*Asks:* 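Supplied in C-alpha cells, the structure appears directly below.
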2 protein chains.
Amino acid sequence: MSASLLEIRLFVASFEERSFTLAAQREHATQSGVSQHVKSLEERLGAALFMRQKGGIEPTPAGRAYYQKCLEVLHAHAAAAQAVRPFARAPEASLTIGLMPSLTRCATAPALARFLDLYPNVSIHIVEGYSGTLTRMTRAGELDFSIVPAFAGMEGLGQKHFLKTPELLVASARAQLPRVLSLSDYAPLRLVMPGAANTRRQSIETYCAMTGASIARIIELDAMFGTLDFVARTDWLTILPAVMMGDKLGPDLCAARMEDPSLELDLVQIEPARKPLLPEAAAFALLLQEEAHRTSALWDA
Amino acid sequence: MSASLLEIRLFVASFEERSFTLAAQREHATQSGVSQHVKSLEERLGAALFMRQKGGIEPTPAGRAYYQKCLEVLHAHAAAAQAVRPFARAPEASLTIGLMPSLTRCATAPALARFLDLYPNVSIHIVEGYSGTLTRMTRAGELDFSIVPAFAGMEGLGQKHFLKTPELLVASARAQLPRVLSLSDYAPLRLVMPGAANTRRQSIETYCAMTGASIARIIELDAMFGTLDFVARTDWLTILPAVMMGDKLGPDLCAARMEDPSLELDLVQIEPARKPLLPEAAAFALLLQEEAHRTSALWDA
DNA sequence: TGGGCAGCATCAGAAAAACGGATGAGCCAT
DNA sequence: ATGGCTCATCCGTTTTTCTGATGCTGCCCA
C-alpha cells in the first residue's frame, strides 16, 4: 500500500552511494534485495527513481525530489526514537565520533575528561582518521559526527562551522623561529606535507604560491607523529594547525604564526543528514569546541 | 532493529482512538495484531507507551512524547509520496471532502463547477454530514479535509479558520421580517433547532439567553430540507447560517440578520494531522472559501 | 575482437514476519 | 453472578521478505 521504512532506507542509501551494490553493503543487505525493493518502490510510486545505465545508476528528477523528502522522513523517525529515550529503562547512549589527528593531539583529552564526568553512562568511541575516511563513515551512519576541514559539501551530510584555527610554521627548536614571521623569508622551503588526498595540502600550496614562498623540496608524510619527529630531528619545516600544537611544543620544536597574510584552517562538524544529533553528541561537540578554541587561542596574541 | 512504519501507524491510531480495538478497525487490522505490534514497539523502545487499565488504555508521558514525533514521521512520509506524484505516470488525484449541510446548499455547487474546469483529472467525492461524523472520519483519514463549526480541537487534527458567517433568523415569507431585527422582539420563540449533538445548538441557546429572548417551544429537527419546509409552511422560526441561505430564499421564506449583538458562526477547516493536504484539496478549499464568502456576504450590508 | 569484470535484473526456494481466530483474564455495570 | 467490554497470549496459516544462483548488459583492456 505504501512505502515502508526499509524501502526508504535502501533508496536513500542507493541514492547516496549511486550504487545498489554499495547500498546493500552499507545497509547489510544483498544487492538482489536492494534491487527488488527499489523496483517495487518505483512501481508503487508510478515513477522511475533511477536510470539504469552503463555500470551504475543515476537518479531521475523524481528520484532527487523523493530523496530530499525521504531524508526528512528518516530524520523524523530517528528523532521520534530519541524522544522516548529519556523515558526508557536504560537511557544510556553510545557515541562514535570521528576526529582528525589535529584535534586528537591536544584538544580531545581535556574535552573527554570533562565529558566523562558529566555523562557517566555514555560509552564513547573516538575514531581518528583523515577527512576522506571520516566523511565516508559519517555519511554511512557509522559515526555520530566528525570534525573535518571545510569542504564543498556532499549529499547526505549536514555540516556547520566548528573552528577557525591559524596554521603555524613548525620547525626544530634549533631554528629559533620568532613568534610571528613571513613565510617567504624562509624560502626556498623544504616542507613536510600531507599527501595530495589531504584537504589541507591544496590550501598550503596555494598559500605558498600566493606569498611567493618558493618550495625547494617536499616530503609527503601522512603521519603526524612521524612528521613532528622528523621536523624535530632535521631542519625541514612543516605547517600545522595551531589547534594541534597548543602548548605541547616540547623541547625539540618551535612554531610561529605566519602573517601577511595569515593562513587559517576552517574546521566543520559534519553529521548524517538522515538522523538528528544525539543530545550527548551535541554536548561532546560543544566541550570539544571549547577546548579546541582554548588550545587554538594560545597562538592568537 | 528500528520501529517500522506499520508499528508507528498502529501506535498513532491506538493513541488517537484510546483503544487497540478501535485502532484495529481504523487500520483494517485485528485487535490481536495491534496489541502485538504495540508491545514489540514498547520493548524495542524500552519504555511503556500506554498504561493498560480498566477497560482501556491511557498514554504514558513517553507515549505522548512519542506520539508527537510519530505524527511528524507520518506527515513527512505522506509528503514524500506527494513529492513524486507530479512525475508519476498517472498523476490523477482523488479527493474526498466532508461538508456540513450549511455549505452544500449554496456554496458548494459553484465551487465544484469551477474546480472541475480547473482540474479535469481529479475525481472528487463530497460527503455531507454533521460535525461529529465529519470530525471522526477526518481523523480516521477517510476525508482529505472537512469544514465544520469551530470546536475545542482534538488530537490528531490540524485546523485553520475557514469562514465567519452571521446566523439569520428564518421564517415563513408571511412573517415579513425586516432586514435587521432584535431576536427578543420575537419572543417567546417557537424554534426549530438542531439536536443537542449539533455544535450550533449550544451557541444558539446561549445567544437566546444572552439577549433575553425566551423560548416558548422547541422542535429538534436534524434535517435541513425538513426544517426549511416546516418553517415555510408554519409560523415557527429557525436560525440558520447566512452561508446556507445566500440568495436562495425562494418565495416561501424570509430571513433577517439579528443585531445587538449579532450571532456568528465560525467554520474551520480540519484535516488529519498525519498527512499534508493534497495540493488539489487545498485548491478546492480555496474555491469553496471564495464561494462561501461571496454567499455569506450577501447578508452583510 | 574477445575475455574478464562489474553492475543490475530475475528467479525460486528458504526463512521470517505478519495475520487472525480462539481463548483467557481483568474490570465494570447491570 | 453475569454479560459485555477491554487487552494479552497462543499457535497454526498465510504472506512477505531475504538470499544465493544465474542471466544479461556494457565497459575496459589486452
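Numbers restart at 1 for each chain; the letters A, B, ... are given by sequence-line order, proteins then strands. Predicted, not measured: the structure shown is a model, and the values here were computed from it.
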*Asks:* How close do A/Ala62 and B/Val84 get, counting heavy atoms only, and between which atoms?
*Replies:* O-CG1, 3.5 Å
*Asks:* Under 3.5 Å between N/O atoms: give me all the protein pairs with nucleotides 24-30 of chain C, atom names plus distance.
*Replies:*
none

*Asks:* Identify the pairs formed between an N or O of the protein and an N or O of nucleotides 9-13 of chain D at a distance under 3.5 Å, and give each distance.
*Replies:*
| from | atom 1 | to | atom 2 | distance (Å) |
| --- | --- | --- | --- | --- |
| D/dT9 | OP2 | B/Lys39 | NZ | 2.9 |
| D/dT9 | O4 | B/Ser32 | OG | 3.4 |

*Asks:* Could you please name the option among C/dC19, D/dC18, C/dC8 that lies closest to any side-chain atom of B/His37?
*Replies:*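 So the side chain of B/His37 is nearest to C/dC19.
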*Asks:* Whole-Å distance between C/dA9 C1' and A/Met51 CE?
*Replies:*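 My rounded result for the distance is 16 Å.
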*Asks:* Can you tell me the distance, in whole Å, between the CD atom of A/Glu58 and the P atom of C/dG7?
*Replies:*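 After rounding, the reported distance stands at 15 Å.
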*Asks:* Is A/Thr21 touching bases, backbone alone, or none of the nucleic acid, heavy atoms closer than 4.0 Å?
*Replies:*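 Sugar-phosphate contact only.
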*Asks:* Of all residues at least two apart in sequence or in a different chain, which pass the ring pair (Phe, Tyr, Trp, His ring centres under 6.0 Å) check with B/Tyr130?
*Replies:*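 By the ring pair (Phe, Tyr, Trp, His ring centres under 6.0 Å) rule, B/Tyr130 matches no residue at all.
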*Asks:* Go through the steps to decide whether A/Thr21 and A/Gln25 satisfy the test side chain to side chain donor-acceptor pair (under 3.5 Å), and finish with yes or no.
*Replies:* CA-CA 7 Å; A/Thr21 308; A/Gln25 283 175 241; over 6 Å; no
*Asks:* Please give, in whole Å, the distance from C/dC8 C1' to A/Leu41 CG?
*Replies:*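 Roughly 17 Å, once rounded to whole Å.
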*Asks:* Quick one: list whatever passes side chain to side chain donor-acceptor pair (under 3.5 Å) with A/Arg9, sequence neighbours left out.
*Replies:* none
*Asks:* What pairs meet the side-chain hydrogen bond (donor to acceptor under 3.5 Å, both in side chains) rule with one or both residues in residues 141-155 of chain B, with sequence neighbours excluded?
*Replies:* B/Arg18-B/Glu155, B/Thr138-B/Ser146
*Asks:* Side chains of A/Glu128 and A/Thr104 only: does a donor on one sit below 3.5 Å from an acceptor on the other?
*Replies:*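 Yes - a donor-acceptor pair under 3.5 Å links their side chains.
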*Asks:* Relative to each other, are the rings of A/Phe15 and A/Tyr67 parallel, tilted or perpendicular (30° and 60° limits)?
*Replies:*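 A/Phe15 and A/Tyr67: parallel rings.
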*Asks:* A/Glu27 has an atom CD; how far is it from atom C1' of D/dT19, in whole Å?
*Replies:* 17 Å
*Asks:* Could you list the residues that satisfy side chain to side chain donor-acceptor pair (under 3.5 Å) with A/Gln68, not counting sequence neighbours?
*Replies:*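 By the side chain to side chain donor-acceptor pair (under 3.5 Å) rule, A/Gln68 matches no residue at all.
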*Asks:* Please state how far atom CG in B/Leu10 lies from atom C1' in C/dC19, giving the value in whole angstrom units.
*Replies:* 12 Å
*Asks:* Rounded to the nearest Å, what distance is computed from the CD1 atom of residue A/Ile57 to the P atom of nucleotide C/dA6?
*Replies:*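 After rounding, the reported distance stands at 18 Å.
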*Asks:* Is B/Arg52 near enough to D/dT6 that one of its side-chain N or O atoms lies under 4.0 angstrom from OP1 or OP2?
*Replies:* no
*Asks:* Between B/Lys160 and B/Glu271, is the salt bridge (charged side-chain N to carboxylate O under 4.0 Å, His left out) condition met? List the steps.
*Replies:* CA-CA 9 Å; B/Lys160 67 181 186 204; B/Glu271 65 197 55; 5.3 Å; no
*Asks:* Taking CZ from B/Phe11 and P from D/dC7, how many angstroms apart are they, rounded to a whole number?
*Replies:* 15 Å
*Asks:* Could you state the CD-P distance from A/Glu43 to C/dA9, rounded to the nearest angstrom?
*Replies:*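 A/Glu43 atom CD is separated from C/dA9 atom P by 11 Å.
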